[in-house]
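Note sheet for the following structure.
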Number of protein chains: 2
Amino acid sequence: MPIHQLPDASISAVERETGLSKDTLRVWERRYGFPLPRRDAHGERLYPQDQVHKLRLISRLLDRGLRPGQLVGAPLETLLARASDEGGMPPQGARSEDGERLDTTLRLLAAYDEAALRSHLSLTLQRLGLQRFVIDFAAPMNLKVGETWSLGQLSISQEHLYTEQMQHQLRQGIGAIYPGVRGPSVMLTTLPGEEHQLGLLMAQACLAVEGIRCVSLGVQTPAWDISEAARQKGIDVVGLSFSEALRQKAALEMLTDLRDRLPERIEIWAGGALWARLRRRLPGVRFITRLEQLPRVIAEYRAEHQSPIANAG
Amino acid sequence: MPIHQLPDASISAVERETGLSKDTLRVWERRYGFPLPRRDAHGERLYPQDQVHKLRLISRLLDRGLRPGQLVGAPLETLLARASDEGGMPPQGARSEDGERLDTTLRLLAAYDEAALRSHLSLTLQRLGLQRFVIDFAAPMNLKVGETWSLGQLSISQEHLYTEQMQHQLRQGIGAIYPGVRGPSVMLTTLPGEEHQLGLLMAQACLAVEGIRCVSLGVQTPAWDISEAARQKGIDVVGLSFSEALRQKAALEMLTDLRDRLPERIEIWAGGALWARLRRRLPGVRFITRLEQLPRVIAEYRAEHQSPIANAG
DNA sequence: AAGTCATTTTGTCTAGGACAAAAAAAGGTT
DNA sequence: AACCTTTTTTTGTCCTAGACAAAATGACTT
């Protein structure tokens, strides 16, 4: 696997790529002696790619609850050991049908075999149906691709290829469903900083199979705009998707902020694996850590809000 | 319209809500005397909501190309005047059928009428066919939406809604075409910094109707990854889409860089309105300023490269 | 019109110091 | 051993004020 010959990155580039703020990067350098970037002609930091890579690794470990003190100073081997510690969930011994599908996808991806990949995804979708395609295939597949990528065994372009193809299939699947008229009326988007479209599409698919045709605003809509749009459109539920790209703390702040802006009658459903380890609860926000839970949540909502037919906007 | 009783915001909250960086907020305060937040017990900035509101307004005006020097110091009335200033471009006199379609779309968008919008786009696609849908409808529509947005007459969420719906239609249209096997084999993506997906999809659609099923990598693929992928996959042409979001100079630099990395036999097609005013030529790069030119370019390529059937990967 | 050069404007970077919020450790009670 | 309270350590964010390059503007020339 060839090594990228990317140029050294500025501090703002590193902030973008790792999610660690400029202040944090500078204070780590002062306290722990890492990262220790070289400087350009004007004394500004330039981070070599290997340091950026290590920072990305550290950032991932932080999300798992480890603390900087033991990570930032440590040599790379220690980090990798920790990474595989909890991370490497051993592959199931029994080669289930599901597992094989994942492996096939990964193999086609590694070979850049776009035509076969498209066909494989399309056939899988037809065989499983949209709901099972999303829950049993797309969700674990995303995890696997992310994992493989972070191990450096998949290039950026391969990851892009995957996202693109999966997106295509999901949209095909969603588009094929005849619009339902059942409530609640849901508006779907992500908050600023969250760029991942796949999570959004997967949620949209799961809603679609429940007869809910939701309004999707795509990614990165500011809280103010979400609240304005939700009011004007007479929305019942604002659905937000979170990947692990966002830090939990930042995400919680934005959520609280949005909650304050929206009238009480509008619910917020916050989805994504990011919330799996969350203890604190937020009044008026429902956390959905797995897509499987969505049907139950919808059923509960419908039970609480008697009217069987929702306003169609 | 109820007024939010939100508490005064910290500097990081303001950064999130306005998109203006902490550094910018501090330096404006130093230079222009605005914003001038109160301080809490520890000397940290607390921005009252009216200042945040004004900042949001300023931020929007900046996106239209106005400059901070005249905005940040100015009183609220001046800002509001500027906001409505350019606002009213007189509507075209002649009402063509095409023009009406654009207006209808805009009207549905303004009303957040998602269901009607979806239906309108779908019907237009069926009526025009994919190629004319892209060239005669989607392209001018994009321009119009961008224009209307920059006049402040469309919110971010409405613009997102448009992008999302249009994307959906285009993908439906592309997916409905049976895969062709004619050359050249094209890989499609954008360079880092270019986030716009619609241009990419429009190009993909135009290629699809010529019997070319291309490999799309989605947006923001680094030059190194593009070149690696193109080689491994045995691609004939790398297609790149550029909106006006990127600076021409930066774009040219990245293009030159990519040209150097790719073997000569692989062509680069650079598409987008960004190149309309370009004088300089780049050897080995073909600039396509309008999608209408694409069929001709393809025909030329096929004529030059005799073999009528391309390698299908 | 279009290119070149000087000038102003504007955003981002730098340096350490400071401090609160969060987490961990220590101590005390049932 | 389990649980609450207090102290200590860790850690991220905020502060000031100076510096400077990239971008935009204006002046001048071809």
Side-chain angles (χ1 to χ4, degrees), chain A residues 8-16 18-47 55 58-59 61-74 246-253 256 277-280, chain B residues 8-16 18-47 55 58-59 61-74 193 244-253 277-280:
Chain A
D8 295 353
S10 71
I11 193 169
S12 50
V14 177
E15 173 180 42
R16 196 162 1 96
T18 64
L20 302 164
S21 80
K22 293 177 196 136
D23 276 327
T24 302
L25 288 168
R26 284 194 274 254
V27 90
W28 279 6
E29 184 179 335
R30 207 194 310 165
R31 286 190 189 143
Y32 310 113
F34 181 88
L36 209 54
R38 66 185 190 83
R39 303 297 181 117
D40 69 4
H42 319 291
E44 307 198 342
R45 292 171 174 78
L46 282 182
Y47 296 83
L55 284 170
I58 291 175
S59 173
L61 291 173
L62 285 183
D63 288 338
R64 292 199 206 164
L66 299 185
R67 308 206 59 197
Q70 299 136 19
L71 296 174
V72 183
L246 226 53
R247 330 224 123 238
Q248 200 182 71
K249 197 185 159 196
L252 268 177
E253 273 176 31
T256 315
R277 276 176 245 92
L278 181 74
R279 15 178 182 293
R280 188 143 62 98
Chain B
D8 294 355
S10 73
I11 194 170
S12 52
V14 176
E15 172 180 44
R16 205 169 50 229
T18 64
L20 301 163
S21 81
K22 295 179 188 115
D23 276 328
T24 302
L25 289 169
R26 285 194 274 254
V27 91
W28 280 5
E29 184 178 335
R30 207 194 310 168
R31 286 192 188 140
Y32 311 113
F34 180 87
L36 209 54
R38 66 186 190 82
R39 302 297 184 115
D40 70 2
H42 317 291
E44 307 198 342
R45 292 172 173 78
L46 282 182
Y47 296 82
L55 284 170
I58 292 176
S59 171
L61 290 172
L62 285 183
D63 285 338
R64 292 196 210 170
L66 298 187
R67 309 203 56 196
Q70 298 134 20
L71 295 174
V72 183
E244 319 228 14
L246 225 52
R247 331 219 138 252
Q248 200 183 70
K249 196 183 158 198
L252 269 176
E253 274 174 30
R277 277 177 244 90
L278 180 74
R279 14 179 185 293
R280 187 142 64 96

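Letters go in sequence order (proteins before strands), and every chain restarts at 1. Below, each value reflects all heavy atoms present in this structure, side chains not excepted, and no hydrogens, waters or symmetry copies. As the structure is a computational prediction, the values presented were derived from the model and not from experiment.
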Between B:Phe34 and B:Val72, what is the shortest heavy-atom contact and its length?
O-CG1, 3.4 Å
Quick one: CD on B:Glu29 to OG1 on B:Thr24, what's the gap to the nearest 0.5 Å?
12.5 Å
Euclidean distance, atom CG of residue A:Leu71 to atom P of D:dT10 [Å, nearest integer]
14 Å
Footprint string (nucleotides 8-15 of chain C, 5' to 3'): B base within contact, S backbone only, - free, heavy atoms under 4.0 Å
-SBBBBBS
Taken to the nearest whole Å, CG/A:Leu66 to C1'/C:dA22 is 16 Å
Any B:Ile58 side-chain heavy atom under 4.5 Å of B:Leu20 side chain:
no
Please examine the side chains of B:Glu44 and B:Arg39, heavy atoms only from C-beta on, and report whether any two atoms are closer than 4.5 Å.
no
Who pairs with B:Arg38 by side-chain hydrogen bond (donor to acceptor under 3.5 Å, both in side chains), at least two apart in sequence or on another chain?
B:Asp8
